[in-house]
Novice: 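Quick one: this structure, given as C-alpha cells, is what I'll be asking you about.
Keep in mind that the numbers below use all heavy atoms, side chains included, and drop hydrogens, waters and symmetry copies. Order of appearance sets the numbers: ligands from 1, and atoms from 1 within every ligand.
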Amino acid sequence: MALLRRQKILCTRVQADSATPGTHSMHRLSAVLRPAKSAKLSSLPAHRRPASHSRLSPCLIFSSYFSSSSSKMGSTLRPNNASTPFKVLVVGGSYSGLAAALNLSDMCLGKTARASVSYQDKVEPVDPIHAEITVVDERDGFYHVIGSPLVFASKTYAEKAWVTYKEIPALQASPNIKTVHGSVTSVDFAAKKATVKAVTDSSSSTIDYDFIIVTSGLRRAYPVVPQSGDKTSYLAEVTPHIESVSNAKDGVLVVGGGAVGIEMAAELKLVQPQTRVILAHSRSRLLSSEPLPDVLAEKTLEILKENGVEVLLSHRLQETKEVEGDPNTKIVSFTNGDSLRVNAVVVAISKSEPSTSFLPVEAINDEGYVKIQPNLFFPKEIPNSDSALAGGDLVDWSGIKRCGRAMHMGYYTALNTHQRMQELVNGKTPEYFTLQKTAPVIALALGDNAIAWGDEVTYGKDIAERFFSNDVGFDICWNILGMGEKPAAKV
Ligand SMILES: Cc1cc2nc3c(=O)[nH]c(=O)nc-3n(C[C@H](O)[C@H](O)[C@H](O)COP(=O)(O)OP(=O)(O)OC[C@H]3O[C@@H](n4cnc5c(N)ncnc54)[C@H](O)[C@@H]3O)c2cc1C
C-alpha cells in the first residue's frame, strides 16, 4: 500500500490581476467584478450590506459558499490496488456529475483537481488511489441546460449545446472514468447496489459500488428543455420548434415571466429580430416567484423592452385556439379579456421535479429533494451514508438553483469522497468541506445584455460578456468543468 503524503487544505484567493484579457480563464471568473462600463443599482444602503456581499462577484454566480472542517466517520483500513479499486457510481452526468467525476478522477490519479484553479478551496495532490468511476446518464452526452432558450431559437447553437460523452476530450483522457447510457431506477443503500435500465434496449443490470454520488438534478418539461436521450433525436426534436418560431409572421408568445421565460423571450428576439416576441406573465411583476428584489425585476423589464420584447404583465393565459384552416395561426385569450393572434405559443411555466424517485423516502424531503448533511453526505439514518453523497439542483439547500452552484457542489462531492477514500485506505482523518447557507444570487442572459444580482443589480453588455460570453455560458461552463483538458499524467 502506498504511503500517502500529508494532504493540506489550501484556502487561497486567485488574484484578479492574473486574468487574461479577452478570455474566460478561470482566473478571470474568480476575479472580483467591478466593471467600469457596467451600470448598477443597489437596493440596500451601503452600511446595511454584509461585508462579504458588498460587491457582486462571478464567484457568487459560479460557486456557492463553503468552508472546511474535520471529522472522523470510521477507521476500517481497506486494501486498494488494481484488483480492488474503489467503484464509484455517479448518477447523472451534467454540471454537478461531471464536476464530481472529473475532479475525483484527477485526485485518484495523483493530480491536482482541475476545478481547483477556479475555486478558493483546494487540496494538494497525494499518491494515486485505484478507482473506477462510472457515470450513468439518460442522455448520451453533456447538454448545456442553461443554453435552452437559445437552443430553441437557433439550429447552429442547438448543434453546439449537446456534446456526446465520446466527444468530450477530458472524459476520453481519463482512464478511470466510463459512461453508461441508462437510467438508474433503484438503489439499495444497504447492499450498495444500483439497478440501471439501458436506454437503448430497456434491459436492466445491477451495478455494485463502494461510493455513490447522486447528481440527477431536476426533471423539466418540454419546451423548457428537450426530452430526447441522444443527440440525433434531440436535433430532430428541436428543429421543428426552431422553424415554427423563425417563420412566425404574426409573432411568438412566451408564457411565464420567471427566469426561463424571460431568457427564452430575450434570446429569441436576439436571434430573430424580425419576429414579434411577446412575453406574458400572470402577475404584476416579473420574477414573482423568486426571492429577488423589485429593483431587479424592474430593470429586467426595462432591458426586455429596450431589446424589443413586448411584455404583458397581469396577463394569465386562458386558452389557445387554432384558426380554422390555418394550423400555423393561433388565437390566444387571457383571463382579463385580452386576446392575441400569434403563430407559436411557448409555455415556460411548468414546475420542475427532483429526479429522486429511485431513492428511499427517508433520504428525501416532502418535495423530493435529498436531505444532505452540510458535508454533502446522505443523512445518517440511511445505511452506509458515509459512502453516499449528493450535489446539484436535487439537494435540499438554500439559494437559487444554478449551474455554478451545481458545479461547485459536484467538486465538493469529489473532494469529500477522496477524503473518505484516504481514511479507508490509510486511516487519515478526513477534512470535509462543508456547505454554508447561500444567499440568493442570479444572472440572467437577456440577448446581448445581461443582468445580475448579488446584493446589488449590475447589468450591461460587459456583464453579458463576463457571465455568458456570446454562447449563453457554454464555453465558460466547459472551461470550469475542464472538459477540453487532457490529464498531464497517468497512473
Ligand atoms: C432554461 C433554463 C435556463 C437556466 N439558466 C441558468 C442560468 O442562466 N444560470 C444558472 O446558473 N443556471 C441556470 N439554470 C439552472 C441550471 O440549468 C441548473 O442549476 C443546472 O442544470 C443543475 O445542474 P445539475 O447537474 O444539478 O442537474 P441537471 O443539469 O438537471 O442534470 C441532471 C442529469 O441527470 C440525468 N438524470 C436524471 N435522472 C436520472 C436517472 N434516474 N438516471 C440517470 N441519469 C439521470 C439527466 O439526464 C441530466 O443529465 C437554467 C435552467 C433552465 C431550465
Novice: Against heavy atoms of Phe358, which atoms of ligand 1 measure under 4.0 Å?
Specialist: 41 (N)
Novice: Quick one: does Ala445 get a heavy atom under 4.0 Å from ligand 1?
Specialist: no
Novice: Can you sort out which atoms of ligand 1 are near Lys401, meaning under 4.0 Å from one of its heavy atoms?
Specialist: 15 (C), 19 (O)
Novice: Would you mind listing which atoms of ligand 1 come within a distance below 4.0 Å of any non-hydrogen atom of Arg139?
Specialist: 47 (O), 48 (C), 49 (O)
Novice: Heavy-atom pairs closer than 4.0 Å: do any link ligand 1 to the side chain of Met264, the backbone, both, or neither?
Specialist: neither
Novice: For residues 182-191, pull every pair meeting side-chain hydrogen bond (donor to acceptor under 3.5 Å, both in side chains), keeping only residues two or more places apart or in separate chains.
Specialist: Glu138-Ser183, Ser186-Thr195
Novice: If you draw a 6.0 Å radius around CG in Asp366, do more than 12 non-hydrogen atoms from other residues or ligands fall strictly inside?
Specialist: no
Novice: Apply the side chain to side chain donor-acceptor pair (under 3.5 Å) test between Tyr143 and each candidate in Ser94, Ser228, Ser148; give the one that qualifies.
Specialist: Ser148
Novice: Judging by distance only, is a nitrogen or oxygen of Ser148 under 3.5 angstrom from one on ligand 1?
Specialist: no
Novice: Looking at ligand 1, does Gly182 have a heavy atom less than 4.0 Å from it?
Specialist: yes
Novice: Checking contacts here: is it the side chain or the backbone of Thr215 that comes within 4.0 Å of ligand 1, counting heavy atoms only? Could be both or neither.
Specialist: backbone
Novice: Please indicate whether any nitrogen or oxygen in Cys403 is less than 3.5 Å from any nitrogen or oxygen in ligand 1.
Specialist: yes
Novice: Between Met409 and ligand 1, which part of the residue brings a heavy atom under 4.0 Å of the ligand: side chain, backbone, both or neither?
Specialist: neither
Novice: Working note: Phe211 + Phe377, criterion ring pair (Phe, Tyr, Trp, His ring centres under 6.0 Å); need CA distance, chi angles, decisive distance, verdict.
Specialist: CA-CA 11 Å; Phe211 286 93; Phe377 283 87; 7.8 Å; no
Novice: Closest heavy-atom contact between Ser96 and Thr215?
Specialist: OG-CG2, 3.6 Å
Novice: Determine, step by step, whether Val346 and Leu268 satisfy the side chain to side chain contact (heavy atoms under 4.5 Å, CB included) criterion, reporting the C-alpha distance in whole Å, the side-chain angles of both residues, the deciding distance to 0.1 Å, and the verdict.
Specialist: CA-CA 11 Å; Val346 180; Leu268 180 58; 5.9 Å; no
Novice: List ligand 1 atoms under 4.0 Å from Ala443, heavy atoms only on the residue side.
Specialist: 8 (O)
Novice: Counting only heavy atoms, tell me which of Leu150, Val225, Val187, Asp393 gets closest to atom 22 (C) of ligand 1.
Specialist: Asp393
Novice: Only counting residues at least two apart or in another chain, list the ones meeting ring pair (Phe, Tyr, Trp, His ring centres under 6.0 Å) with His181.
Specialist: none
Novice: Tell me the contacting part of Ser355 for ligand 1: side chain, backbone, both, or neither, using a 4.0 Å heavy-atom threshold, strictly below.
Specialist: side chain
Novice: Under a 4.0 angstrom heavy-atom cut-off, which atoms of ligand 1 come close to Arg220?
Specialist: 18 (C), 21 (O), 30 (O), 53 (C)
Novice: Which of these passes side chain to side chain donor-acceptor pair (under 3.5 Å) with Asp393: Arg220, Lys401, Arg402?
Specialist: Arg220
Novice: Show the atoms of ligand 1 that are less than 4.0 angstrom away from any heavy atom in Ser94.
Specialist: 25 (O), 28 (P), 29 (O), 31 (O), 32 (C), 33 (C), 49 (O)
Novice: Pick one of side chain, backbone, both or neither for how Leu218 approaches ligand 1, counting any non-hydrogen atom pair under 4.0 Å.
Specialist: backbone
Novice: Check this for me - ligand 1, Val184, N or O atoms closer than 3.5 angstrom, yes or no?
Specialist: yes
Novice: Determine whether the side chain, the backbone, both or neither of Phe468 has a heavy atom under 4.0 Å from any heavy atom of ligand 1.
Specialist: side chain
Novice: Under the side chain to side chain contact (heavy atoms under 4.5 Å, CB included) rule, what do Thr134 and Tyr209 come out as? Steps first, then yes or no, please.
Specialist: CA-CA 9 Å; Thr134 304; Tyr209 65 80; over 6 Å; no
Novice: For Thr112 and Lys122: C-alpha separation, side-chain torsions, deciding distance, then whether side chain to side chain contact (heavy atoms under 4.5 Å, CB included) applies.
Specialist: CA-CA 8 Å; Thr112 305; Lys122 314 165 191 304; over 6 Å; no
Novice: Examine ligand 1 and decide if any of its atoms is less than 4.0 Å from a heavy atom belonging to Arg405.
Specialist: no
Novice: Looking only at non-hydrogen atoms, which of Leu359, Ile146, Val136 approaches atom 17 (O) of ligand 1 most closely?
Specialist: Ile146
Novice: Any heavy atom of Phe142 sitting closer than 4.0 Å to ligand 1?
Specialist: no
Novice: Give the single entry among Ser183, Ala406, Ser357, Gly92 that approaches atom 24 (P) of ligand 1 most closely by any heavy atom.
Specialist: Ala406
Novice: Can you check side chain to side chain contact (heavy atoms under 4.5 Å, CB included) on Cys108 and Asn176, steps first, answer last?
Specialist: CA-CA 9 Å; Cys108 288; Asn176 51 4; 4.0 Å; yes
Novice: Find all atoms of ligand 1 within a distance of less than 4.0 Å from any non-hydrogen atom belonging to Gly392, and give their numbers and elements.
Specialist: 26 (O)
Novice: Give the atoms of ligand 1, by number and element, whose distance to some non-hydrogen atom of Val260 is under 4.0 Å.
Specialist: 1 (C), 2 (C)
Novice: Does the ring of Trp397 carry Lys371 above it, NZ/CZ under 6.0 angstrom from centre and within 45° of its axis?
Specialist: no
Novice: Is any side-chain heavy atom of Tyr119 closer than 4.5 Å to a side-chain heavy atom of Met407?
Specialist: yes
Novice: Aromatic ring centroids of Tyr412 and Tyr432 under 6.0 Å?
Specialist: no
